[in-house]
Amino acid sequence: MFDLPTIWAAIIAFAVLTYVILDGFDLGVGILFPFARTDRDRDIMMNSVAPVWDGNETWLVMGGGGLFAVFPLAYAVIMPALYMPIVLMLLALVFRGVAFEYRWRVVRWRGLWDWAFIGGSTVAAFCQGVALGALVQGIEVEGRAFAGGAWDWLTPFSLLTGAALVVGYALLGATWLVMKTETDLQDLMRRFAWPLAAGTLGLIGLVSLLTPFQDPVYFDRWFAFPAVLYSVGVPALLLLAALVLFRGLRNGHDYTPFLASLALFVVSFIGIGISFYPMMVPPALTIAEAAAPDSSLAFALVGTVILVPMILGYTAYAYWVFRGKVDPDAGYH
């Protein structure tokens, strides 16, 4: 008999990870937008993500919708605990999406929409990091309901994770632009990638050091035997990805730095998974406790087995069609 709650937890985790590694770099492009030297460079930066940014956000919808459908108790606890950062994130994504269209259609107010793109990208990234930090530090639950306060999410740890995600997304954006652009803009982004890579690694290390002390369960996950045999591989893989990243930047590679930056996020996500499993809402609700009835999980799984490969196929096709360097003379429309 299949463990349907665990299968669905893996699907939700996959959707969230896919969103982070796909939408992370185009949010990073927005974060780096004010550092472009000319309007032409900003046009190229926006053109690099224009064909794919909206498809990337499909995974956010799938992750949130899937959580509501198959883990309704987790959704009912997480949403009131994180209303503020989630609402701010969604508003920021709206402003950012509108900026894609209006920026190309106006002249007088172009600067306004530039800042809507910058602000929307930065606020969305920061709020995602804050929400992650608040989830890691734990949500107070009594019975089957959220029992904390409206501002429990706002702590030094959640602010740290928010800042870490902004820097990490900026690294993804810089290495994406190294891969997609040429000449002066590529050189500028390659220079930015060095301090961003160092900052991302430093913040990953700091967050990793603080995470085991957020709850005794995390400490046991990482340092108790035999779990330590699995957890020791995470820093080793992070070190390997960092070495590949810096070597790619030093040797002037186009693709290696971006792929290595993605690897940093994937390995960090694995680390979060080690800390969380089998909890769905730390430290109170497990995957089994938060799941819908098995009949509902099985029914939803049928459609998901069909839908996810279709989305993956469309995503892969879009990236294949728009592969290669950005044409500096091409417009968004």
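Since we're looking at a predicted model, the values are computed, not measured.
- Contacts of L285 classified as side chain to side chain contact (heavy atoms under 4.5 Å, CB included), with partners at least two apart in sequence or in another chain: L73, V77, V281, E289.
- Linking ILVMFWY side-chain heavy atoms closer than 4.5 Å, directly or via other members, places L243 and L237 in two distinct hydrophobic clusters.
- Contact annotation: the side chain of D3 never approaches that of I7 to less than 4.5 Å [non-hydrogen atoms, C-beta and beyond].
- The CG atom of D152 lies 9.0 Å from the CD1 atom of I139; values are rounded to the nearest 0.5 Å.
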message = Using side-chain contact (heavy atoms from CB on, under 4.5 Å), reason through W8 and I287 one step at a time and then give a plain yes or no.
response = CA-CA 9 Å; W8 265 109; I287 292 171; over 6 Å; no

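- Checked options D23, L93, T18; the residue passing with L60 is L93 (criterion: side-chain contact (heavy atoms from CB on, under 4.5 Å)).
- With sequence neighbours left out, the ring-ring contact (aromatic ring centres under 6.0 Å, His included) criterion links W194 to F246.
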Validation: residues 170-177 side-chain donor-acceptor distances under 3.5 Å, sequence neighbours left out:
residue	atom	partner	partner atom	Å
T175	OG1	L171	O	3.0
T175	OG1	L172	O	3.1
W176	NE1	S48	OG	3.2

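- Residues meeting the side chain to side chain contact (heavy atoms under 4.5 Å, CB included) test with A134, sequence neighbours left out: L82, Q137, W153.
- Criterion: ILVMFWY side-chain heavy atoms under 4.5 Å apart, direct or through other members. Under it, L22 and V52 are part of a common hydrophobic cluster.
- By the side chain to side chain contact (heavy atoms under 4.5 Å, CB included) test, F322 is found to be paired with P51, residues two or more places apart in sequence or in another chain being considered.
- Annotation: side-chain hydrogen bond (donor to acceptor under 3.5 Å, both in side chains) contacts involving residues 295-308, sequence neighbours excluded, are absent.
- In this structure, F117 CZ and M45 CE are separated by 7.5 Å, a value rounded to the nearest 0.5 Å.
- At least one side-chain heavy atom of D43 sits less than 4.5 Å from a side-chain heavy atom of R103.
- Residues passing the salt bridge (Lys or Arg N to Asp or Glu O under 4.0 Å) test with R190, sequence neighbours excluded: D254.
- Counting heavy atoms from C-beta on, the side chains of N47 and K180 never come closer than 4.5 Å.
- Side-chain atoms of T211 and F157, non-hydrogen and from C-beta on, do get closer than 4.5 Å to each other.
- Residue pairs that meet the side-chain hydrogen bond (donor to acceptor under 3.5 Å, both in side chains) test with at least one member in residues 126-136, sequence neighbours left out, are Y19-Q128, Q128-Y169.
- In terms of hydrophobic clustering, with Ile, Leu, Val, Met, Phe, Trp and Tyr side chains grouped at heavy-atom distances under 4.5 Å, I12 and Y277 are assigned to a common cluster.
- Note: the hydrophobic cluster containing V87 does not contain L165 (ILVMFWY, side chain heavy atoms under 4.5 Å, direct or indirect links).
- A search for salt bridge (Lys or Arg N to Asp or Glu O under 4.0 Å) contacts involving D184 returns nothing, not counting sequence neighbours.
- With sequence neighbours left out, the salt bridge (Lys or Arg N to Asp or Glu O under 4.0 Å) criterion links R191 to no other residue.
- Side-chain heavy atoms closer than 4.5 Å link hydrophobic residues (I, L, V, M, F, W, Y) into clusters, and following such links, even through other members, never connects Y314 to I21.
- Atom CG of L27 is separated from atom CG of L32 by 11.0 Å, given to the nearest 0.5 angstrom.
- Contact of the L132 side chain with the V136 side chain is registered, since non-hydrogen atoms from C-beta on lie closer than 4.5 Å.
- H253 has its side chain out of reach of V244: every pair of non-hydrogen atoms, C-beta onward, lies at least 4.5 Å apart.
- Hydrophobic cluster membership of W320, counting Ile, Leu, Val, Met, Phe, Trp and Tyr whose side-chain heavy atoms lie under 4.5 Å apart directly or via other members: none, as it forms a cluster of its own.
- A perpendicular orientation is assigned to the rings of F35 and F192, their planes being inclined by more than 60° (bins at 30° and 60°).
- In this structure a side-chain-to-backbone donor-acceptor pair under 3.5 Å is present from K325 to T181.
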Determine all donor-acceptor pairs shorter than 3.5 Å in which one atom belongs to a side chain in residues 264-276; sequence neighbours excluded.
residue	atom	partner	partner atom	Å
S268	OG	L264	O	2.8
S275	OG	W222	NE1	2.6
S275	OG	G271	O	3.2

